[in-house]
Amino acid sequence: MARAMFEYTKTILKKVSFDSVLFCKELQKAAKRLLPYEIEELRVWIQEITKTNPELNQCMIYLSV
């Protein structure tokens, strides 16, 4: 079940990656519901996405809790 939530989160983040405000909001939600090791995986995944969308890098602050 937890893995499904991680994949769902990635899907949502991909869909809202056009808008950094929406991306940040969804990332905040994800940080609350994912397990610590999934958050680390998500951090790596987002670093890959920010290579093409550098404006999303500002949202990484929500994962540094």
Name every donor-acceptor pair, under 3.5 Å, that has one atom in a side chain of residues 14-25 and the other anywhere in the protein, sequence neighbours excluded.
from: Ser17; atom 1: OG; to: Lys14; atom 2: O; distance (Å): 2.9
from: Asp19; atom 1: OD1; to: Val21; atom 2: N; distance (Å): 3.1
from: Ser20; atom 1: OG; to: Gln58; atom 2: NE2; distance (Å): 3.3

Name each donor-acceptor pair under 3.5 Å that joins a side chain in residues 29-36 to protein atoms two or more places apart or in another chain, with its distance.
from: Lys29; atom 1: NZ; to: Glu26; atom 2: OE2; distance (Å): 3.2

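With respect to the salt-bridge test (charged N to carboxylate O, under 4.0 angstrom), the residues Lys10 and Glu38 do not qualify.
Listed by first and then second residue, the salt bridge (Lys or Arg N to Asp or Glu O under 4.0 Å) pairs that reach into residues 52-61 come to none, sequence neighbours excluded.
Partners of Glu40 according to the side-chain hydrogen bond (donor to acceptor under 3.5 Å, both in side chains) rule, which considers only residues two or more places apart in sequence or in another chain, are Arg43. Listed by chain and number, the residues in a side-chain hydrogen bond (donor to acceptor under 3.5 Å, both in side chains) with Gln28 amount to none (sequence neighbours excluded).
The CD1 atom of Ile12 sits 12.5 Å away from the CD atom of Glu7 when rounded to the nearest 0.5 Å. Note that CH2 of Trp45 and CD1 of Ile39 are 14.5 Å apart. Values are rounded to the nearest 0.5 Å. Here the CG-CD1 distance, from Leu13 to Ile46, works out to 6.0 Å after rounding to the nearest 0.5 Å.
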Exercise for the section: Take Leu27 and Leu42 through the test side-chain contact (heavy atoms from CB on, under 4.5 Å) and record every step on the way to the result. Expected result: CA-CA 9 Å; Leu27 194 55; Leu42 190 62; 3.7 Å; yes
